[in-house]
Amino acid sequence: MPGVSANPCDRLTAGEVKFDVGDSARVTFATAAAYGSTAVLLTSCVQDGDESYRQEWQRTGFAGRNGFAPRGRMWENTLFSPTGSFTVTEALGRENPGTELKYYQVNEQSRWGGEKGRTYNQYFEGEGGRADENLWRYMQSGLYEQAAVINWNRPPDMPVTQGASFAIFLHAGNAETWGCISTDLATVTKFLKTAVPGDRMVMGIQDDVFLTSTARSDALMLERAAEEAAVEKRAAEQRAAAQRDAEDAAAVSDWEPYAVGAFSLTLFVMYVTAKLRGGRARPEQSPRTADAQEPAIR
């Protein structure tokens, strides 16, 4: 996507991300090119044994209709998506796809609090007020078939501020939103299947999320490319050696019948030669034998 880093996982490993991700083993980026841009690049990064991260998957999606919020502008009805690093601890939808997040199976009484008060920016079940989101209706439309709750303006990331916007989800639909991040259902489901409480989403425009310099991530990419080239070279050498061994074995196998035949022929020739020699030796002795027996005959 033009104007957006294609390698967020390398940049996270290189320390080129402005937001803290804590000790999260999995971090998903949602980045846009600039303020006002609604198209986002979603990239899932998983910790790879040490402090480095590798890319799991990458998809496109959308932010709020007005893009990401500049600092201090994230309020209800602005149609902005929030900027920052947020944990993910809850999810909701038609049926749990196997996530370890706390999961709300949506029913006809499911609501997300938009009315000012104790249920603001929380899940609850009941009649609800005009500002409360009817989760059942949004699920039936396909948007909340599966959704992950992004902890903007709610614990454990921050205390609730009435009016600072609510119901910020990663959900299906793959279209511009009122403030959520939207992508295709298969990607949301994949996200939920691997998610654990404390995983993070880092969201915002390119310049708000990443440092300007890419020197460390570029060096990291070159190093990784060299390692991959070395691994491929060793694999190619092993394949070539295996091919030579197979060809040698095939050559031996092809000549084996001829070798057996030649050996059998050699034995036959030796046998015939011995017989012929034996046959010539017996006639030379027969006259002497006859002479020795002659007086007895007379």
Side-chain angles (χ1 to χ4, degrees), residues 1 4-13 16-33 37-47 53-64 67-69 71 74 80-93 97 99-103 112 121 143-144 146-158 164-174 176-210:
M1 182 179 293
V4 174
S5 287
N7 60 330
C9 306
D10 288 336
R11 303 207 66 182
L12 178 59
T13 299
E16 295 173 355
V17 175
K18 294 180 179 180
F19 297 109
D20 182 21
V21 299
D23 58 356
S24 299
R26 183 173 279 102
V27 179
T28 300
F29 288 86
T31 49
S37 175
T38 61
V40 300
L41 181 67
L42 288 159
T43 308
S44 175
C45 307
V46 64
Q47 208 162 36
Y53 287 83
R54 63 174 173 81
Q55 181 175 304
E56 283 188 302
W57 50 262
Q58 196 167 65
R59 297 288 188 275
T60 57
F62 294 90
F68 286 102
R71 185 181 298 275
M74 188 64 194
F80 283 130
S81 294
T83 297
S85 173
F86 311 107
T87 62
V88 178
T89 53
E90 301 173 20
L92 56 89
T99 186
E100 293 187 33
L101 303 178
K102 182 178 180 180
Y103 192 86
W112 197 269
N121 207 13
L143 296 179
Y144 293 174
Q146 296 293 348
V149 181
I150 299 169
N151 288 325
W152 158 259
N153 193 32
R154 64 193 311 270
D157 288 24
M158 62 189 78
S165 198
F166 62 95
I168 303 300
F169 303 154
L170 169 68
H171 64 71
N174 209 23
E176 294 177 354
T177 71
W178 281 30
C180 297
I181 302 298
S182 175
T183 186
D184 60 273
L185 176 59
T187 299
V188 178
T189 304
K190 180 184 294 186
F191 176 95
L192 291 178
K193 284 182 176 180
T194 59
V196 299
D199 285 354
R200 283 186 174 268
M201 286 200 66
V202 175
M203 303 162 48
I205 67 167
Q206 173 77 15
D207 291 345
D208 285 349
V209 171
F210 300 107

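Quantities reported herein were computed from a predicted structural model and do not represent experimental measurements. Counting from 1, the numbers follow the sequence of the chain as shown. Computation of the quantities below employed the complete heavy-atom set of this structure, encompassing side-chain atoms and omitting hydrogens, waters and symmetry-equivalent molecules.
- Judged purely by atom type and a 3.5 angstrom limit, Thr87 has no side-chain atom pairing as donor or acceptor with the backbone of Gly198.
- In this structure, Ser24 and Tyr53 approach most closely via the heavy-atom pair O-OH, 2.7 Å.
- With Tyr103 contributing its side chain and Pro97 its backbone, the two residues share no donor-acceptor pair below 3.5 Å.
- Looking only at side-chain heavy atoms (C-beta outward), Ile168 and Met74 come within less than 4.5 Å of each other.
- Annotation: side chain of Thr177 is in contact with side chain of His171 (closest heavy-atom distance under 4.5 Å).
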Practice problem: Verify side-chain contact (heavy atoms from CB on, under 4.5 Å) between Val149 and Arg154, making sure each step is shown before the conclusion. | Solution: CA-CA 10 Å; Val149 181; Arg154 64 193 311 270; 3.7 Å; yes
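- In terms of modelled atom types and a separation under 3.5 Å, the side chain of Ser81 and the main chain of Gly64 share a donor-acceptor contact.
- Of all non-hydrogen atoms in Leu101 and Ala91, the two that sit nearest each other are CD1-CB, 4.1 Å.
- In summary, the side chains of Arg59 and Thr183 do not present any donor paired with an acceptor at a separation below 3.5 Å, with no hydrogens or angles considered.
- No donor-acceptor distance shorter than 3.5 angstrom exists from the side chain of Asn153 to the backbone of Phe166, with no hydrogens or angles considered.
- Aromatic ring orientation, Phe191 versus Trp57: perpendicular (interplanar angle above 60°, classes split at 30° and 60°).
- In this structure, Leu170 and Val188 approach most closely via the heavy-atom pair O-CG1, 3.9 Å.
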Exercise. Report the C-alpha separation of Asp199 and Thr28 in whole Å, then their side-chain angles, then the decisive distance to 0.1 Å, and conclude whether the side chain to side chain donor-acceptor pair (under 3.5 Å) test is met.
Key: CA-CA 8 Å; Asp199 285 354; Thr28 300; over 6 Å; no
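- Listed for the Gln206 side chain is a donor-acceptor partner under 3.5 Å among the backbone atoms of Ser5.
- Heavy-atom contacts from other residues, nucleotides or ligands closer than 6.0 Å to NZ of Lys18 number more than 12.
- A donor-acceptor pair under 3.5 Å is formed between the side chain of Thr83 and the backbone N or O of Ala69.
- Formation of a donor-acceptor pair under 3.5 Å by the Asn151 side chain with backbone atoms of Glu90 is not found in this model.
- We find the CZ-CE distance between Phe68 and Met203 to be 5.0 Å, quoted to the nearest 0.5 Å.
- Using a cutoff of 4.0 Å between basic side-chain nitrogens and carboxylate oxygens, Glu56 and Arg26 are scored as salt-bridged.
- The two atoms that bring Thr43 and Pro8 nearest to each other are OG1-CG, 3.7 Å, heavy atoms only.
- The shortest heavy-atom contact between Ala172 and Ser182 is O-OG, 3.3 Å.
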